[in-house]
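Notes follow the structure.
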Amino acid sequence: MFPSKALLSIVLIALSAVDASPLRREAAPTLAFNARMNARASDANIADADRARAQAMINASFSKRAGSSSFSIASAVTAYTAQVGVGSPATQYTLLIDTGSSNTWVGANTPYTRTNTSVDTGNSVSVSYGSGRFSGEEYLDTVTLSSDLVITGQSIGVAKNAQGFNGVDGILGVGPTDLTQGTVSNVGLVPTVTDNLYSKGAIGTEALGVYFAPGGSAGELTFGGSDSSKTTSSVNYVPLTTTSPSSEYWGIDQSIAYGSSTILSATAGIVDTGTTLILIATDAFNKYQSATGATLDSNTGLLMITSDQYANLQTLNFNIGGTSYGLTPNGQIWPRSLNSDIGGSSNNIYLVVNDIGSNSGGGLDFINGYSFLQRFYSVFDTTNHQVGFATTSSTSAVSN
């Protein structure tokens, strides 16, 4: 999700990709997970919800922005969630994992429980998202991600009003800190959970490793670096883009080719766990639809292909920093076991590539959502102003 206000763009001078890994600690502890279905508003299909989020990002006047430890996350079909404790003793909340926003908040469903660690700052908090919003009060409280990821005095929002969040309690915001600008009264920037873990010495690098598995399976977040047990290659890093508005988020530069034919020339976009699909500029989407022969399904908002068209589907290649990340034919389709969860027919084949809602050239021409991230490990590195990718055992899986 993304806030409606943010700050200054990060300007980078690095010009080439770097092959290196942040600090890591092996055998990182994990949290148990629970699958949550249909976490988004029930009155919009996933394509419409993703597009609303993307267009708000594009059109809003934004200007952004010791070891490692992991905890588990779970698929919510159109989002991933983690069990996060707040207070002492902790109340457990199911929070959406979001690299596209930076405020952490609770109370959309499970009420906030005050304990002796709860401090009401008296400040109000309000964040708007493409498919939802919340407003309420700011508290400082203890946030527990795992036994060795405990943050004292973390700013959290406690919702009095929340719209667009079904079956979840709020958001764990792990985007750039500048996205918190203007979201809390009487406060400039609000330190994120990652900021505080780093400043308190719980992690040695301010970086977040993200592992998702295809088909609605569980994943893992690693605070402080990457988890080499989840990758099958080294992590290749690229600097954050300097092109606005992508530079206000976890933005990168890339081009996309369907087979050997370029459908989107080198341009800026973002990597975002809060977006379900892979969204590309309208002109690129039209080329993709034409090349695949797909038709638009009105129920799901997704492109649909026949079995014969699937057999002829070519690899979708994402060129990022000189490295090609190939999304296989199976990686381009929605998990068929989850078709009914998005309003589709169990026998249909739906594509996860969709229209961002505007032509290329706007400064945010693609969003690599978790349909992409389910196939490639990703690292969001604040310390070194870069994003990294690696292959996993799921990169070429045929589980969909």
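- Put simply, the side chain of F223 reaches to within 4.5 Å of the side chain of V174, judged on heavy atoms.
- No side-chain N or O of Q181 forms a donor-acceptor pair with one of T183 less than 3.5 Å apart.
- By the criterion of side-chain heavy atoms lying less than 4.5 angstrom apart, applied directly or through intervening Ile, Leu, Val, Met, Phe, Trp or Tyr residues, L296 is grouped together with I263 in one hydrophobic cluster.
- A pairwise comparison of heavy atoms in R336 and N348 identifies CG-O, 3.8 Å as the closest pair.
- For residues 260-314, the set of pairs meeting the ring pair (Phe, Tyr, Trp, His ring centres under 6.0 Å) definition, not counting sequence neighbours, comprises Y258-Y288.
- Checked by atom type, the side-chain pair Q386/D381 shows a donor-acceptor distance below 3.5 Å.
- No side-chain donor-acceptor contact under 3.5 Å links T306 and D308.
- For the residue pair T110 / D169, a side-chain donor-acceptor distance below 3.5 Å is found, with atom types taken as modelled.
- Side-chain contact of S118 with D141: a donor-acceptor pair under 3.5 Å is present, judged by distance alone.
- In plain terms, the two heavy atoms of N330 and A397 that are nearest each other are OD1-O, 3.2 Å.
- Annotation for V352 and L277: closest pair O-CB, 3.3 Å, computed over non-hydrogen atoms.
- In this model, no donor atom of one side chain and acceptor atom of the other lie less than 3.5 Å apart for N317 and T315.
- Every pair passing ring pair (Phe, Tyr, Trp, His ring centres under 6.0 Å) that includes a residue from residues 94-120 is listed here, sequence neighbours excluded: W105-F134, W105-F165, Y112-Y139.
- At a threshold of 4.5 Å between non-hydrogen side-chain atoms, the residues I278 and I367 do not count as touching.
- Between T194 and E206, the side chains place no donor N or O within less than 3.5 Å of an acceptor N or O (distance only, hydrogens not considered).
- When only modelled atom types and interatomic distance are considered, T241 and D253 share a side-chain donor-acceptor pair under 3.5 Å.
- In this structure, F389 and V387 approach most closely via the heavy-atom pair CZ-CG1, 3.7 Å.
- L240 has its side chain out of reach of S247: every pair of non-hydrogen atoms, C-beta onward, lies at least 4.5 Å apart.
- Residues passing the salt bridge (Lys or Arg N to Asp or Glu O under 4.0 Å) test with E137 are K160, sequence neighbours excluded.
- At a threshold of 4.5 Å between non-hydrogen side-chain atoms, the residues S360 and D283 count as touching.
- Side-chain contact annotation: T152 with T142, donor-acceptor N/O pair under 3.5 Å absent.
- For residues 338-361, the set of pairs meeting the ring pair (Phe, Tyr, Trp, His ring centres under 6.0 Å) definition, not counting sequence neighbours, is empty.
- The salt bridge (Lys or Arg N to Asp or Glu O under 4.0 Å) search around R51 returns D48, not counting sequence neighbours.
- Between T392 and T232, the shortest heavy-atom distance links the atoms N-OG1, 3.4 Å.
- The side-chain heavy atoms of W250 and D272, taken from C-beta on, include no pair separated by under 4.5 Å.
- Looking at every heavy atom in both residues, A159 comes nearest to A108 through CB-N, 4.3 Å.
- Listed by chain and number, the residues in a salt bridge (Lys or Arg N to Asp or Glu O under 4.0 Å) with K200 amount to none (sequence neighbours excluded).
- Side-chain atoms of T282 and D355 form a donor-acceptor pair, as typed in the model, at a separation below 3.5 Å.
- Between D365 and N359, every side-chain heavy-atom pair lies at or beyond the 4.5 Å cut-off.
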